[in-house]
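Comments concern the structure below.
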Protein chains: 2
Amino acid sequence: MTSKNSARGRPRGGSTDKRAAMLDGALTVFARDGYTRASIDTIAEAAGVSTRTIYNHFRGKAELFEAVIQASAARTAQRQIEVIDRHLRKVTDLAADLIEFGLEWASPNAGPSEHFALVRQINAEAAHIPEAAIEAWQENGPLRVRRELAGHLRRLSEQGLLRVTNTDRAAVHLLVLIGAWNPSYPGAEPSAEEITEMVTTGVHAFLHGYVP
Amino acid sequence: MTSKNSARGRPRGGSTDKRAAMLDGALTVFARDGYTRASIDTIAEAAGVSTRTIYNHFRGKAELFEAVIQASAARTAQRQIEVIDRHLRKVTDLAADLIEFGLEWASPNAGPSEHFALVRQINAEAAHIPEAAIEAWQENGPLRVRRELAGHLRRLSEQGLLRVTNTDRAAVHLLVLIGAWNPSYPGAEPSAEEITEMVTTGVHAFLHGYVP
DNA sequence: GGTGAAGTGCAATGAGCGTTGTATTTATTG
DNA sequence: CAATAAATACAACGCTCATTGCACTTCACC
């Protein structure tokens, strides 16, 4: 959401939601331009704050970047876990429920697409990010989500609906299958029909495989 | 150094393998540091040439980057297609052959790991690369490889060993399954045992799925 | 041996950017 | 209203880096 100060005026004075605005603006710029290309001036403008305020809240660009990573990962993981629980808590028709889950999972409104652009930046920049920050991000983000999904798969397996030995591996397989679409070029967003086709074929492959 | 004269247009004064050296060095630096962070001086040092020579061969940093992308994609696609054909031309035991294919596919000696680091850089930088360059890369690289794999899957389907309706989709599914491992953090290379487990479970999921 | 293109070393230019200091302005609080 | 903390505008420093020009060297080939 945009803060009370975003468009044209000059925000002044003491308010503490500046931090959220800075994290939001920095997410936008870091996701689009990457760490090195993103400039503090651009981030400050996107956040509606002055560059000096950024340095009053964070020790520097690197610390801001790590804060953005943690914040975006936590928020996205939260939303993704909600999607997982909503569709897999009570399963009546396994294939249908998995497809509905996949559709909401792959639809862009589930999580901000900026977050996934940021993930691409992290994957590219991983060698220049402190290992502790990477591990914290993995733990509070992808790994946490994956464990949640793995738990549901284990339960479904105990109910006899699935045959899973390695639940973590199965969770990874399901996630990559419902997210596997052929991009004409990176950055192109799939259409609604492409998402539907991707999810249905992915779920079908996850359930039955390709052997007759 | 070894002076190698090829039949291609030969320059008068110096040796022509300077260009290959520049592309190699630039690949190393671009893959590790990314486009923005990589400096021309670092690339020149890695290639064993002077910075001025780089500007005598390429109009600038951007053109060098695009040349590196095309060269690395073409070379890697060539090797990957060889791996595909070698293992899938004659299939005796489908599961065993797919596993052997996946093992060589996922082993780092198949293609230089620098190439995949470069791909991560491309995915992150895609918004700042001319669309024509992205499309050329896709066409001569990933899409070409994927079509080759899809052709084999179609043949196997016609032989009754597989049941594939959308061959391109199936190729994507196979590739993501044999490459789906849980990274503790990006950049960590999987061990030989982890690769084996990843490939075998991936092939098994591709063939049979997770439903009893 | 001479020639000319390719390669090299050096220096300089110019722009962009992270970061900091300082004086000023605003909003909150007692 | 006064005091205080937060936010801002402005300017400056220092550094990195892409790019270019120029003189010089090297090497293949006539």
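Proteins get letters first, then strands, A, B, ... in listed order; numbering begins at 1 in each.
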For [X] and [N], is the shortest distance between a side-chain N/O and OP1 or OP2 below 4.0 Å?
| X | N | result |
| --- | --- | --- |
| Tyr55(A) | dT20(C) | no |
| Thr53(B) | dG7(C) | no |
| His57(A) | dA6(D) | no |

Rounded distance (Å) that lies between atom [atom2] of [N] and atom [atom1] of [X]:
| X | N | atom1 | atom2 | value |
| --- | --- | --- | --- | --- |
| Asp41(A) | dT8(D) | CG | P | 13 Å |
| Asp33(A) | dG18(C) | CG | C1' | 16 Å |
| Phe58(A) | dA7(D) | CZ | C1' | 15 Å |
| Glu45(A) | dA9(D) | CD | C1' | 15 Å |
| Ile54(A) | dA7(D) | CD1 | C1' | 12 Å |
| Lys61(A) | dT20(C) | NZ | C1' | 17 Å |
| Leu64(A) | dC17(C) | CG | P | 16 Å |
| Asn56(B) | dG21(D) | CG | P | 11 Å |

Check: Thr200(B) side chain, Thr196(B) main-chain N or O, donor-acceptor pair, under 3.5 Å: yes
Upstream residue (5' side of DNA chain C) when Arg37(A) and Thr51(A) are each assigned their closest nucleotide: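 So the residue in question is Arg37(A).
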First encountered from the 5' end of DNA chain C, between Arg59(A) and Val49(B): Val49(B)
Criterion side chain to side chain donor-acceptor pair (under 3.5 Å) on Glu66(B) and Gln70(B), from CA distance to verdict: CA-CA 6 Å; Glu66(B) 294 184 17; Gln70(B) 303 301 331; over 6 Å; no
Results of side-chain hydrogen bond (donor to acceptor under 3.5 Å, both in side chains) for Arg147(A) - residues two or more places apart only: Glu139(A)
Proximity to the side chain of [X] - top-ranked nucleotide from [options]:
| X | options | value |
| --- | --- | --- |
| Ser39(B) | dT20(C), dA9(D), dC17(D) | dC17(D) |
| Ile40(B) | dA18(D), dG18(C), dT8(D) | dA18(D) |
| Lys18(A) | dT19(C), dT8(C), dA7(D) | dA7(D) |

Sugar-phosphate only, base, or nothing, as touched by Ala21(B) at under 4.0 Å among non-hydrogen atoms: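 Contact class for Ala21(B): none.
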Touch class at under 4.0 angstrom, heavy-atom based, for Ala38(B) against every strand present: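 Answer is sugar-phosphate: Ala38(B) comes under 4.0 Å of backbone atoms only.
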Within 6.0 Å of CD in Glu63(A), more than 12 heavy atoms from elsewhere: yes
Side-chain heavy atoms of [X] within contact of [Y], under 4.5 Å:
| X | Y | result |
| --- | --- | --- |
| Ile84(A) | Trp105(A) | yes |
| Arg154(B) | Val164(B) | no |
| Asp33(A) | His128(B) | yes |
| Asn166(A) | Glu197(B) | yes |

Provide a list of protein-nucleic acid N or O atom pairs under 3.5 angstrom, restricted to nucleotides 21-24 of chain C.
unit_1	atom_1	unit_2	atom_2	d
dG21(C)	N7	Arg52(A)	NE	3.1
dG21(C)	N7	Arg52(A)	NH2	3.2
dG21(C)	O6	Arg52(A)	NE	3.2

Distance (rounded to the nearest 0.5 Å) between Ile129(B) CD1 and Tyr35(B) OH: 9.0 Å
Angle between terminal axes - the helix from dG1(C)-dC30(D) to dG30(C)-dC1(D), 5 pairs each end, rounded to 10°: 10°
Step-by-step side chain to side chain donor-acceptor pair (under 3.5 Å) determination, Glu114(A) to Thr28(A): CA-CA 6 Å; Glu114(A) 283 179 343; Thr28(A) 300; 3.0 Å; yes
